[in-house]
Protein chains: 2
Amino acid sequence: MDDIDKKILMLLQRNAKQNTKEIAEKVGLTVSPTFERIKKLEQQGFIKGYVALLDGSKVGKSIVVYSQISLSVHSRELIDDFKTNIANLPEILGCHHVSGNYDFLLKVAVRDMNEYQQFVVDKLSVIKGISNVQSSFVMEEIKNDTAYIL
Amino acid sequence: MDDIDKKILMLLQRNAKQNTKEIAEKVGLTVSPTFERIKKLEQQGFIKGYVALLDGSKVGKSIVVYSQISLSVHSRELIDDFKTNIANLPEILGCHHVSGNYDFLLKVAVRDMNEYQQFVVDKLSVIKGISNVQSSFVMEEIKNDTAYIL
DNA sequence: CTTGAAAAATGTCCCGT
DNA sequence: ACGGGACATTTTTCAAG
């Protein structure tokens, strides 16, 4: 991983639709070595994949909520149970097990308040072991990058 | 936006490197209409862009922290000031203005604890108007999807 | 929408340095 | 590792049913 590799990763993180020729020019190499570097970065797992990013509100996901979850008991069984429950809910985009004043931080995206209410009542509150849920509605997204600065 | 468009978006959200032929087969159409649908979805802004997703720990971003920020005063000026300050910090991947018990939720990614400390001391605590910072370190990432379920 | 075709652009690989 | 060149595949556009 030299500086050229970093530059390639930076470029691909911003726009994965650039062709090898364009990237080659921007990093100051020809197509062949650039192509090989990209393949290597993929094989070595630096690049997890290539995805399309959608406009949430345009595809009917206008409401984003971050929910802080506290568990009543911190047993291995309860935590594992919670994780599998969470993994299968399509409304949940993110779930992180954190240290601090609460246990899990969820990122939830839904169409509207009605759908959010149904999510909380029918899907979230049903999960065993949750002692507290504290939700914060996103009013504005100042930043939401998938790109790391290398 | 019919069901076929949704299916196309679902496929591109998971893997943007599929070619038109593959997508066409999966949605049950031929290449031509599939190609036109994708172009239309791009032009209409449903697709914001195509990006490469990196492995955070492999590129030297092992520590992820979510920080809840409270402002001392909620004036327009202070909020705008905070937002511009935040936007320029490379450690910050996400920043959401939220309703609830705090004002902003940050997602911070850094190499190690030393870098995190420097970030807090030199960059975050310097910003005017912050009354409280409560940080949660990510111990495990259960889910981190960029894809909405349509 | 489907089929078919065709040109331009890219991706991919091999070889010489 | 890099660069050049050859070949395969894809993208992109188009016409006709």
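Keep in mind it's a predicted model, so treat the numbers as computed, not measured.
- Under the side-chain hydrogen bond (donor to acceptor under 3.5 Å, both in side chains) criterion, Glu22(A) pairs with no residue at all, not counting sequence neighbours.
- In this structure, CZ of Phe35(A) is placed 16 Å from P of dA8(D), rounded to the nearest angstrom.
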When you compare the protein's N or O atoms with those of nucleotides 3-5 of chain D, which come within less than 3.5 Å of each other, and at what distance?
| unit_1 | atom_1 | unit_2 | atom_2 | d |
| --- | --- | --- | --- | --- |
| dG3(D) | OP2 | Thr30(A) | N | 2.9 |
| dG3(D) | OP2 | Thr30(A) | OG1 | 2.8 |
| dG3(D) | O5' | Thr30(A) | OG1 | 3.3 |
| dG4(D) | N7 | Ser32(A) | OG | 3.3 |
| dG4(D) | O6 | Ser32(A) | OG | 2.3 |

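- Applying the side-chain hydrogen bond (donor to acceptor under 3.5 Å, both in side chains) rule to Asp55(A) yields the partners Ser57(A); only residues at least two apart in sequence or on another chain are considered.
- For the helix from dC1(C)-dG17(D) to dT17(C)-dA1(D), the terminal axes (five pairs an end, C1' atoms, rotation from four pairs onto the next four) enclose an angle of 20°, given to 10 degrees.
- Note on residues 124-133 of chain B: no pairs pass salt bridge (charged side-chain N to carboxylate O under 4.0 Å, His left out), not counting sequence neighbours.
- Here the shortest heavy-atom pairing between Ala16(B) and Ala52(A) reads CB-N, 3.8 Å.
- Within the 4.5 Å cutoff, the side chain of Tyr66(A) has heavy atoms near those of the His96(B) side chain.
- Few gaps surround NZ on Lys26(B); more than 12 heavy atoms of other groups in view lie less than 6.0 Å from it.
- Ile47(B) belongs to a hydrophobic cluster whose remaining members, ordered by chain and number, are Leu54(A), Val59(A), Leu93(A), Met1(B), Ile4(B), Ile8(B), Leu9(B), Met10(B), Leu11(B), Leu12(B), Ile23(B), Val27(B), Leu29(B), Ile38(B), Leu41(B), Phe46(B), Tyr50(B), Tyr148(B), Ile149(B), Leu150(B); membership requires side-chain heavy atoms of ILVMFWY residues under 4.5 Å apart, directly or through intermediates.
- Contacts between residues 14-24 of chain B and DNA chain D, counted as heavy-atom distances below 4.0 Å, involve Asn19(B), Thr20(B).
- Here Val110(B) sits in one hydrophobic cluster together with Ile142(A), Ile63(B), Val65(B), Ile69(B), Leu71(B), Ile79(B), Phe82(B), Ile86(B), Leu89(B), Ile92(B), Phe104(B), Leu106(B), Val108(B), Met113(B), Tyr116(B), Phe119(B), Val120(B), Leu124(B), Ile127(B), Ile130(B), Val133(B), Phe137(B); the rule is ILVMFWY side chains under 4.5 Å apart, joined directly or through other members.
- Among residue pairs with one or both ends in residues 90-99 of chain B, those qualifying as salt bridge (charged side-chain N to carboxylate O under 4.0 Å, His left out) are Glu91(B)-Lys123(B); sequence neighbours excluded.
- Distance alone, capped at 3.5 Å, is enough to place a donor-acceptor pair between the Ser72(B) side chain and the Gly129(B) backbone.
- In the 5' to 3' direction, nucleotides of DNA chain C lying under 4.0 Å from heavy atoms of chain A begin and end at dT10(C) to dC13(C).
- In this structure, CG of Asp5(A) is placed 8 Å from P of dA1(D), rounded to the nearest angstrom.
- For Lys39(B) and dT12(D), the NZ to C1' distance is 9 Å, given to the nearest whole Å.
- For residues 32-51 of chain A, the salt bridge (charged side-chain N to carboxylate O under 4.0 Å, His left out) pairs, not counting sequence neighbours, are Asp2(A)-Arg37(A), Asp5(A)-Arg37(A), Lys39(A)-Glu42(A).
- The CD1-C1' distance, from Ile38(B) to dT12(D), rounds to 12 Å in whole Å.
- Residue pairs that meet the salt bridge (charged side-chain N to carboxylate O under 4.0 Å, His left out) test with at least one member in residues 141-150 of chain B, sequence neighbours left out, do not exist here.
- Ser131(B) places a side-chain N or O within 3.5 Å of a backbone atom of Ser70(B) that can act as its donor or acceptor partner.
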